[in-house]
Amino acid sequence: MKHSLTEQMIRTAAGLLEDNKTCFVGSGLPLAAASLAKKTHAPNLILVFEAGGFDPEFTRLPLSVGESITFYHATYAGGMDDIMGDAGKGMVDYGFLGGAQIDMYGNLNSTVIGDYFHPKARFPGSGGANDVGSLCFKTIAIMRHEKRRFLEHVDFITTPGYLDGPGGRERAGLPAPGGPWRVVTTLGMMGYDDETKRMELLGVYEGVTKDDVIKETGFELIIKAEPEILPAPTSEEIRIFREEIDPVGVISGKSKGKD
Amino acid sequence: MKHSLTEQMIRTAAGLLEDNKTCFVGSGLPLAAASLAKKTHAPNLILVFEAGGFDPEFTRLPLSVGESITFYHATYAGGMDDIMGDAGKGMVDYGFLGGAQIDMYGNLNSTVIGDYFHPKARFPGSGGANDVGSLCFKTIAIMRHEKRRFLEHVDFITTPGYLDGPGGRERAGLPAPGGPWRVVTTLGMMGYDDETKRMELLGVYEGVTKDDVIKETGFELIIKAEPEILPAPTSEEIRIFREEIDPVGVISGKSKGKD
Amino acid sequence: MNELPQGDMELASRPLTAGEARTWFGKKSREQTDKRMTAKEAVEKFVHDGDYVGIGGFGHVRVPMALICEIVRRKKRNLRIAGHTACHDLDFLMAGGCVSHVDVAYSFGHELRPVRTRVGDRLIKAGKLSTQEWSNASFSWRYKAAAMGVSFIPVKVMLGTDTFKYSGAKTVRCPFTGEIYCALPALYPDVVLMHVPRADKYGNCQIEGISIADKDVARAGKRVIVSAEEIIDNSAIRENPHLTMIPYFCVDAVVHQPYGSHPCEMPGSYWFDEEVIAEYLKATQSEEDTAAYVKKYVYDVKDFNEYLQLVGGEEKMKRLERIERFEESPPYPW
Amino acid sequence: MNELPQGDMELASRPLTAGEARTWFGKKSREQTDKRMTAKEAVEKFVHDGDYVGIGGFGHVRVPMALICEIVRRKKRNLRIAGHTACHDLDFLMAGGCVSHVDVAYSFGHELRPVRTRVGDRLIKAGKLSTQEWSNASFSWRYKAAAMGVSFIPVKVMLGTDTFKYSGAKTVRCPFTGEIYCALPALYPDVVLMHVPRADKYGNCQIEGISIADKDVARAGKRVIVSAEEIIDNSAIRENPHLTMIPYFCVDAVVHQPYGSHPCEMPGSYWFDEEVIAEYLKATQSEEDTAAYVKKYVYDVKDFNEYLQLVGGEEKMKRLERIERFEESPPYPW
């Protein structure tokens, strides 16, 4: 079955999630990825919502990380302070993040393009992203892979990656362990080099080359070996996504006449 | 009707409580006083319990400030952090305190007699007393009036009064306004001089003289005028106490064969 | 390291000292009086131009839209808003010309909806809106500090980022471990707007489901207006005192307003009115259409009940209730 | 003032750094597994000599007496106890010879009961028990700091007193207002003992009525043993997720123990067994009688259910239930 790029990204992100782990999810792609993981290899993955929902049983995709579906038949429905305290104490394993820009240390910008006081574009800001990036053990960024987004320096560090490199988080006072782990993009998947904390190419999608990735990355990517070809979604995974997770097409764009 | 000394003290403490105010109460005399106030001149006095109960409807006297009666048909039953946060923010007007010793600035000892590490007697410690003494607007101490209890210096400051006098609370960082207000004893009632923050005799019970009080006070009491004679409990007040508040005699001691 | 890092921005809302806090809250009445009034009365009495405003709920979930519409109708100006996931609530206040400053955590967005609101953008580009940055958890903890009656609270977020640099936060060292913490200033809004499922006439409120930060938000507000889907008897509150999330002594006004969160969701009761939200988002693409939207849905109706009629009345509300109960599929009309 | 005041005592339980906390709690399982076991198994597995112990409930209200009896039976030694209103719970552990240190807020007392326990007195005078001082609210906030994952929290109590001097607290200045605050160290007990009305087999717990500090105590414990009056199905937990006060991932062991708080009160279920408390208080007047009491009610019975038989069995329990429901007058047998 032919899959869309969105479905490829969702499958790649889903594959990162181990069973019986906790995961902060936002609405949209992260939730789709976590839902796919739950319906395939990680049935006991636990979804955590920053507004207070913990481990709900889904009936449809929420539009908001605070709407009632995020705590429908949940294990618990608390406050944001509860959930964020739990995360601070190391109870949340994964966190999904998005952004308009990312740099080689995984710092993310979801605040402004250009000067803060005279922005070319103003985005919603941190929301819970700074908190997730500060407190989760392993964060997974999901991004469009474009040169104007993968930058030497982001215009604004909304959410901490490794900040200025090795030891940067510790110097700033961020609690260890924690930090960026994977970046799932429209071209493939990156990780981070243990020593330098710089972004490293791990894999590409079928039909994408190393050079395609280099061309769309505005900083020097660490490439230690030929990137693996990431598995495409299986027919069953595509079916699950289209029929069970996003039948209306909120994420795929079908609902708004796209695809 | 002949009243007991306990009844006199309860009546005197009750008379201090204005309607529509909030009051931290412990079990025992404070609760009896607050209950009497509610059943006479202050029907809307609001009882607050440090463990989390707020404005319960009583059916019998609690033995513990945490037992279910302290939140039976209450307005709210929260946590100690809620209640103490409310108090810190100035939502609790009165607080009752007890102790083994008191000094002229209203500092109270409910921890040890003698040296801390080799005490002659060990008492339960602060409990919520330090918190009440730190956070309520006006605290009311209830004490036996004896020279060995009313001391120049207490052995241990468990609960802050005015500490070392004017400005003492502010220097220590305690939030203003707040502090000691009244002391109801087995002989009468004291307050505090505005300027010096020292204890001042305000009134005595029928049959008690100023000299009786001076004799049982181990520091110089401020006496600006002849102390007023405090009203004795009325027959109706005695009846309410004996029949409605403490029918079993838990507070009066009847239940344990005294009185 | 002698000099501890601190944010560059001046706080839009300075924390009260413990003494200032108790002086203010000490004057709030403890009396159990009937605080019911109309939204108009509540807004006139308790919302003033220039106020710093905290909003309960979560952006477009359980948000006090009836109170917000009334603030727009009464043309309050220069409000400064805590953007603790502020979506439709903040956006509509901006569309109504009421806002001069936003403390941003999540603002200027509508989460998953694909149409972007242009209201904040236009204000920022016109130099009519100042901002500074925080995070969602930071707001929760700033409110918690206020609820505790302290002026700051140490946390482990915001550190090392521009979110910190463009905030008014500071850093402190833990006196026990020597670690650096982000010191957040307590947030005491001048006025808090909150929508709840149930309240009694005194202001005791019950909320099911996630509480976000509302327990602390209500305790932090210098003045608090609550709107409620339903007014229940005080005896029902007292039957389950552990369900009282907000005690009456925090609350200054109680406004009875069924569907008071429309077009946003009321968990367990009614879903988003995505048709109305879509119409709004479309209108925000131009200044003129925005003004026309506000005129049609606020100025040209006398109150929120008339607005509810205008957007579809009982038939629409029953449909939103069926969607919330999973009895009907939701529309995605963007 | 350059030098800020600090307490003289060395902390009995140092706060974890944020990194230490997340390293410990990060290793706790998130898996929803059946954690039911006997009190014996739970105590053997999770309570070790020398542990710092936090106890839920309030002194003699909703206290985990079955777990405490088991600790006495298993002869755990040198426990250090958070005396956050510790009454019968702490006293009985001391009577059993299990305790070497108490962080006192309220300890060595039984509130309104006129007979004083002598257990603590004897230990202190024999030099067998060390102490330091805190207040009740301080304990609540020390647990809250731990629940938040931070190492300290600023508060406005204890300042200026000997309670502060004989504690391990310090002071800090607010970086915003310049005020002095008491800095409390986060409290992460090695093990927490907690009794609740209802839990599922995974450890999700519901509690009605006042919560004291239990929401935070459970989140602060490095290991947490919960005993429950009733085990309910996970689906019942999920019907009302906002009633989950303690989520399963905090909990290491679930012990099903009806009347698990006896002779103390279980709010809404059964009242104090004042006859047993009076017998205990009388016994504590001498070392020999104390030992005999412990032998009779702990060593000479095989478990808590046998103890319940010994103190009057079902008939007694039903009577305590009637008293709690106001259907019968309580005895005051001291």
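Within every chain, numbering begins at 1; the chains are lettered A, B, ... in the order of the sequence lines, protein sequences first and strands thereafter.
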Over all heavy atoms of both residues, which pair between I212(C) and F58(C) is shortest? Give the atoms and the distance, please.
CG2-CD1, 3.7 Å

Candidate pair I180(D) and L159(D), rule side chain to side chain contact (heavy atoms under 4.5 Å, CB included), full reasoning:
CA-CA 9 Å; I180(D) 295 177; L159(D) 293 159; 4.2 Å; yes

Grab the two heavy atoms, one from V254(C) and one from G203(C), that are nearest each other, plus how far apart they are.
CG2-CA, 3.6 Å

Under the side chain to side chain contact (heavy atoms under 4.5 Å, CB included) criterion, do I246(C) and V251(C) qualify, and how do the steps go?
CA-CA 8 Å; I246(C) 301 170; V251(C) 176; 3.9 Å; yes

Non-hydrogen atoms of chain C under 4.5 Å away: do they reach the side chain of L11(D), the backbone, both or neither?
side chain

Please report the C-alpha distance between I55(C) and I81(C) in whole Å, then the side-chain angles of each, then the deciding distance to 0.1 Å, and finally whether the side chain to side chain contact (heavy atoms under 4.5 Å, CB included) criterion is met.
CA-CA 8 Å; I55(C) 304 177; I81(C) 314 288; 4.1 Å; yes

Restricting to non-hydrogen atoms, name the atom on F139(D) and the atom on A82(D) that form the minimum distance, rounded to 0.1 Å.
CE2-CB, 3.6 Å

If every non-hydrogen atom of V172(C) is compared with every non-hydrogen atom of A183(C), which pair is closest and at what distance?
CG1-CB, 3.9 Å

Which answer fits P175(C), side chain, backbone, both or neither, if we ask what part of it has an atom under 4.5 Å from a heavy atom of chain D?
both

Contacting moiety of A137(D), where chain C heavy atoms sit under 4.5 Å
neither

What residue in P154(D), A145(D), A18(D) has the most heavy-atom pairs under 4.5 Å with chain C?
P154(D)

Over all atoms of both residues, closest heavy-atom pair of V196(D) and A199(D):
CG2-CB, 4.2 Å

Pairs of donor and acceptor atoms, chain D with chain C, under 3.5 Å:
unit_1: A18(D); atom_1: N; unit_2: E179(C); atom_2: OE2; d: 2.9
unit_1: S151(D); atom_1: N; unit_2: Y181(C); atom_2: OH; d: 2.9
unit_1: S151(D); atom_1: OG; unit_2: E179(C); atom_2: OE1; d: 3.2
unit_1: S151(D); atom_1: OG; unit_2: Y181(C); atom_2: OH; d: 2.9
unit_1: E179(D); atom_1: OE1; unit_2: S151(C); atom_2: OG; d: 3.2
unit_1: E179(D); atom_1: OE2; unit_2: A18(C); atom_2: N; d: 2.8
unit_1: Y181(D); atom_1: OH; unit_2: S151(C); atom_2: N; d: 2.9
unit_1: Y181(D); atom_1: OH; unit_2: S151(C); atom_2: OG; d: 2.9

In short, P189(C) meets A220(C) closest at the heavy-atom pair CD-O, 3.7 Å

Between A186(C), C174(C), G149(C), who has the most heavy-atom pairs with chain D when the cutoff is under 4.5 Å?
C174(C)

Looking only at heavy atoms and a cut-off of under 4.5 Å, which of L243(C), L16(C), V150(C), V155(C) has the most pairs with chain D?
V150(C)

